[in-house]
Amino acid sequence: MRLRNKILINYIGTTLIGVINILSLMAYSRLFGHDKWGIIAAYITIVNVMMMAEMGVLQLYTAEYGRSQFRQSIREKYIRAILVVATVVPAVILILSGLGRIIDSTLWPFWNNFSLLTLACLFFSVSLLNNFIYADLNAEENHLEQNSRQILFLLIKNISAIILVAYLVPEPIIYFLVFLIVSILELVFNARYLKIKSIFMGFKISETREFFKSIGSITGAVIVGILVFNLDRLFLSSTLPSHVFGVYAIVVTVGLYFLQLQYPLMKTFLPYLSRGDSPQDLVSNNRKILKLQVLAVTVILAPVLLTGGIFASSILPLFSIRVSEEVGTVILFRAILISIYLNAIYHVVYQRMIISGEGRFIFRVNLISLVFCFIGLACFGVASPYLTGAACWMLAAVTQLVGGIYFFLVHDKRYV
């Protein structure tokens with residue numbers, strides 16, 4: 001299958017996923033109201049933060065898988081690491097939650113509802129395993145099957161949740177329960193694709209520990225990077241009333257749907273960038289795909305994001321009338337769209353950093369971004385949450401872009 005056909009398949013899949021998510025958000029905002037949706041958004045943020053523990057493993061897997069001739073052993077090594085993460089991280093979060101409720105029950109929203117946190121942790125574990133299987137399909141460049149499965153189960157999750165919430169009771173626990181049950185069914189369906197027996201038979205704690213040490217440079221970089229783009233919601237979910245945070249979460253969620261437009265580019269190009277039987281082949285592939293990446297970012301992303309920014313005041317009320325009444329929501333939305341475009345440019349270089357093992361450089365860039373985000377939070381605080389969020393997103397995106405440009409021009413031209 002030609003490269004442009006794979007890009008087309010990924011964009012069709014992303015578009016369908018985006019449509020499902022947008023329609024579902026419209027339904028959820030009306031069924032739950034801002035108060036309860038704010039609670040759900042807070043727990044979704046916790047799931048996103050737990051995803052930090054994935055530590056870029058899936059990105060590294062795609063890169064290493066494309067270079068290796070021993071793909072089954074690579075697959076087994078990575079799935080063992082994912083199993084450890086899926087087990088240990090939720091256990092740690094639940095223990096910390098118990099301690100947090102004892103120390104100060106008002107510190108974070110998720111201390112107050114252990115049942116919701118438990119469902120969120122289980123959902124994280126199952127989703128992480130599903131994500132690995134989809135990453136494996138992506139590494140094999142089986143984009144049609146990957147997108148088909150994701151769309152099918154996402155549709156089932158949202159339709160089931162909307163029906164049950166509409167006809168039973170609009171409670172956050174119903175939302176997470178439905179998503180967890182369907183995700184388990186999704187895992188059962190996807191697991192037939194993997195050789196589970198060989199994975200468990202070869203499991204050794206010492207080897208898994210050595211594997212985590214070997215990816216230590218990229219681990220901290222990805223953890224800090226995910227924290228950067230979730231810091232605003234972590235901070236505001238603990239300081240704002242749930243109904244106010246619910247409005248904020250709707251604006252950010254709609255903005256993040258536009259972020260999905262860059263995923264097809266990463267899913268399609270990363271396996272190609274990993275190819276090459278020699279360093280010369282790798283450089284040749286990088287130069288060819290660089291032109292395609294720049295063209296895609298300019299022709300596909302820029303017009304869509306520009307249109308979204310221009311019509312922001314008309315788009316946001318589709319999800320909630322309250323959103324259009326709050327001062328600063330349009331500014332936040334436009335800031336997120338600008339950040340997404342800057343981040344897409346940065347990702348052109350970021351993929352080359354991943355392949356070339358520049359974990360320390362990525363870590364430094366993300367750490368500087370995190371510092372600037374803390375400065376933004378300190379300057380704006382909760383008095384104007386939408387301006388606070390806008391500042392965090394812009395500061396992070398600009399910092400990463402500057403770091404990416406520096407790497408591209410100065411750090412090591414062999415990979416660009």
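Predicted, not measured: the structure shown is a model, and the values here were computed from it.
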Phe189 ring center near Phe153 ring center (under 6.0 Å): yes
Side chain to side chain donor-acceptor pair (under 3.5 Å) partners for Asn343, two or more places apart: Gln262, His347, Gln400
Test side-chain contact (heavy atoms from CB on, under 4.5 Å) applied to Thr45 and Leu234, step by step: CA-CA 7 Å; Thr45 301; Leu234 277 174; 4.0 Å; yes
Val85 and Phe124, any side-chain heavy atoms less than 4.5 Å apart: yes
Check: Gly309 main-chain N/O paired with Arg334 side-chain donor or acceptor under 3.5 Å: yes
Nearest-0.5 Å distance that lies between atom CG in Asp136 and atom CG in Asn190: 10.5 Å
pair Leu122-Pro90: side-chain heavy atoms closer than 4.5 Å: no
Stepwise side-chain contact (heavy atoms from CB on, under 4.5 Å) test for Ile22 and Leu318: CA-CA 10 Å; Ile22 287 171; Leu318 296 175; over 6 Å; no
Residue pair Trp37 / Ile250, side-chain heavy-atom distance below 4.5 Å: yes
Leu306 vs Tyr341 side-chain heavy atoms within contact, under 4.5 Å: no
Check: Phe319 main-chain N/O paired with Ser29 side-chain donor or acceptor under 3.5 Å: yes
Closest heavy-atom pair and its distance - Phe245, Leu236: CD1-C, 4.0 Å
Minimal non-hydrogen separation, Pro385 against Leu240, with atom names: CB-CD1, 3.8 Å
Derivation of the side-chain contact (heavy atoms from CB on, under 4.5 Å) call for Phe114 and Leu94: CA-CA 8 Å; Phe114 192 75; Leu94 291 173; 4.0 Å; yes
Contact summary for Cys373 and Val228, nearest pair of heavy atoms: SG-CG1, 3.9 Å
All side chain to side chain contact (heavy atoms under 4.5 Å, CB included) counterparts of Ile368, not counting sequence neighbours: Phe372, Thr399
Spacing of Ile151 atom CD1 and Leu16 atom CG [to the nearest 0.5 Å]: 4.5 Å
pair Ser148-Leu144: side-chain heavy atoms closer than 4.5 Å: yes
Spacing of Leu332 atom CG and Leu387 atom CG [to the nearest 0.5 Å]: 8.5 Å
Minimum side-chain heavy-atom gap Ser369-Leu395 below 4.5 Å: no
Atom pair CG (Leu337) and OG1 (Thr307), whose distance is rounded to the nearest 0.5 Å: 10.0 Å
Least distance between heavy atoms, Ala249 atom then Thr253 atom: O-OG1, 2.6 Å
Residue pair Phe333 / Gly308: nearest heavy atoms and the distance that separates them: CE2-O, 3.6 Å
With sequence neighbours excluded, residues passing ring pair (Phe, Tyr, Trp, His ring centres under 6.0 Å) with Phe179: Tyr175
Salt bridge present between Glu186 and Lys157 (N-O < 4.0 angstrom): yes
Donor-acceptor contact below 3.5 Å, side chain Ser339 vs main chain Trp393: yes
Any pair counted as salt bridge (charged side-chain N to carboxylate O under 4.0 Å, His left out), so long as it reaches residues 159-183, sequence neighbours left out: Lys36-Glu171
Gap separating the CG atom of Leu128 from the CZ atom of Phe132, nearest 0.5 angstrom: 10.0 Å
Test side chain to side chain donor-acceptor pair (under 3.5 Å) applied to Asn21 - qualifying residues, sequence neighbours left out: none
Point-to-point distance, once rounded to the nearest 0.5 Å, from OG1 of Thr298 to CD1 of Ile345: 7.5 Å
Qualifying residue for side-chain hydrogen bond (donor to acceptor under 3.5 Å, both in side chains) with Tyr248, from Thr329, Thr388, Asp232: Asp232
Heavy-atom check, side chain of Ile362 versus side chain of Val224, under 4.5 Å: no
Any donor-acceptor pair under 3.5 Å from Asn130 side chain to Ser183 backbone: yes
Partner set under side chain to side chain contact (heavy atoms under 4.5 Å, CB included) for Leu185, not counting sequence neighbours: none
Considering all heavy atoms, the nearest Val178-Ser160 contact: CG1-CB, 3.6 Å
Backbone N/O of Phe380 and side chain of Ser384: donor-acceptor pair under 3.5 Å: no
Stepwise side-chain contact (heavy atoms from CB on, under 4.5 Å) check, Leu370 with Phe374: CA-CA 6 Å; Leu370 185 64; Phe374 274 114; 3.7 Å; yes
Polar side-chain atom of Asn158 near backbone of Leu154 as donor-acceptor pair, under 3.5 Å: yes
Pairwise side-chain contact, Leu316 with Val330, heavy-atom cut-off 4.5 Å (strictly under): yes
